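Here is the structure we will look at, set down as structure tokens.
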2 protein chains.
Amino acid sequence: MSISSRFAVGIHILALIDLNKETASSSEFIAGSVNTNAAVIRKIMGMLKKAGLIDVQPGVAGAKLSRELSEITLFDIYKAVNVVEENELFSIHDKPHPDCVVGKNIQSTIEPIFMAAQSAMEKVFQNLTLEDIVKDIEAKEHIQ
Amino acid sequence: MSISSRFAVGIHILALIDLNKETASSSEFIAGSVNTNAAVIRKIMGMLKKAGLIDVQPGVAGAKLSRELSEITLFDIYKAVNVVEENELFSIHDKPHPDCVVGKNIQSTIEPIFMAAQSAMEKVFQNLTLEDIVKDIEAKEHIQ
DNA sequence: GTCCTTGTAACTACATTGATTACACGTTTA
DNA sequence: TAAACGTGTAATCAATGTAGTTACAAGGAC
């Protein structure tokens, strides 16, 4: 099992739009950098647009970030590309036997634990912004 | 996307083995409580056995926990049933374009973040044991 | 030896991912 | 205005993983 690379690609797209803001980043151009098909990029950009993270216009090349770099958290992107449903990272078997001590109680025992684990993971993304990503990329570029 | 219910079922199996320790818990019996097929249970129990969490013998009904309740963490079970590979909860698109500032650096920028997020999640399971689960189930049973 | 059990393999239906092609429709520009 | 380029989106495909099911070999208990 693995969470869709849409998340990583979403981050890539947004970072690229910012670092390439002098010229328009078409889906074709971005696809070249990500190394995939332009239609895949357009689909993900559609999700980012729907989430209010970028502004894109049908027919016109390029997209712009809707907010400041520092005001787009990785969690915003994570939610936008819809890789994990709310409180459904882990799945629990349904209809355990109600006449069994364990079967009767297991779901309500496990559920809050799974939710806590998912929250702990998501918190990491809430505390990071696109600015952190872009600065890290720029720093690496500077060294070389 | 969702992490396999093998994890939840694994917890269910171990809790049931403990709470039902007076009588032998055959795979058929456990399957009834979990509400699935006995072969599915045997497969998961095979994983738990391989991880050294339970003792089972071919041909003889029932299984026993290999350790104390308090010495089996949820993380042990999580690893045993193999629902998420080491540092591979999130996937990153491969072969981004090496001539692009973003493509060249995105993987090394994102990877440690994804690892941190996965670790944060796993830490929740490292801090909980089967004892916590069983006590919670017993407490619920007591109230009713 | 009979019966119950575990350990496995094989097969199925189903869902999701990511790539690909195709095309409608918007925008630009020559 | 017509051609060129770009976005939006649907349809299809191969690959993969999950969970259920059946079947059966082989171990152990009586």
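Proteins come first, then strands; the chains are lettered A, B, ... in the order of their sequence lines, and each starts at number 1. Quantities reported herein were computed from a predicted structural model and do not represent experimental measurements.
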Query raised in the report: Would you say the side-chain atoms of A:R6 pair up with the backbone N or O of A:N82, donor to acceptor, closer than 3.5 Å?
Result: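 Confirmed, A:R6 side chain pairs with A:N82 backbone.
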
Query raised in the report: Would you say B:D132's side chain and B:T129's backbone share a donor-acceptor pair under 3.5 angstrom?
Result: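 Yes, the answer is positive, given that a donor and an acceptor are paired below the 3.5 Å cut-off.
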
Answer yes or no: does atom [atom1] of [X] have more than 12 heavy-atom neighbours from other residues, nucleotides or ligands under 6.0 Å?
| X | atom1 | answer |
| --- | --- | --- |
| B:K79 | NZ | yes |
| A:M47 | CE | yes |
| B:E111 | CD | no |

Query raised in the report: Heavy atoms under 4.0 Å, any strand shown: does A:S2 hit a base, just sugar-phosphate, or nothing?
Result: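 Nothing, no nucleic acid heavy atom in range.
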
Query raised in the report: Heavy atoms under 4.0 Å, any strand shown: does B:K49 hit a base, just sugar-phosphate, or nothing?
Result: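 B:K49: backbone/sugar contact only, no base atoms under 4.0 Å.
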
Query - B:V83 or A:S26, whichever maps to the more 5' nucleotide of DNA chain D - result: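 Looking at the nearest nucleotide for each, A:S26 comes out on the 5' side.
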
Query raised in the report: How about B:Q118 and B:E122: does a side-chain donor come under 3.5 Å of a side-chain acceptor?
Result: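 The answer is yes; a qualifying pair exists.
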
Requested in this report: Please tell me which of B:G62 and A:S4 maps to the more 5' nucleotide of DNA chain C, matching each residue to the nucleotide holding its nearest heavy atom.
Outcome: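 It is B:G62 whose nearest nucleotide is closer to the 5' end.
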
Requested in this report: Round to a whole Å and report the spacing from CD of A:E85 to P of C:dT16.
Outcome: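 Atom CD in A:E85 sits about 10 Å away from atom P in C:dT16.
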
Query raised in the report: How far does the helix from C:dG1-D:dC30 to C:dA30-D:dT1 bend, going by the axes of its first and last five pairs, to the nearest 10°?
Result: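 Roughly 10° between the end axes, to the nearest 10°.
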
Report task. From the options C:dT27, C:dG7, D:dG8, select the nucleotide whose nearest atom is closest to the side chain of B:V56. Result ->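 Shortest atom-to-atom distance from the side chain points to C:dG7.
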
**Report entry** Neighbours of DNA chain C within residues 31-47 of chain A, by heavy-atom distance under 4.0 Å
**Finding:**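 Heavy-atom contacts with DNA chain C come from A:T36, A:N37, A:A39, A:V40, A:R42.
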
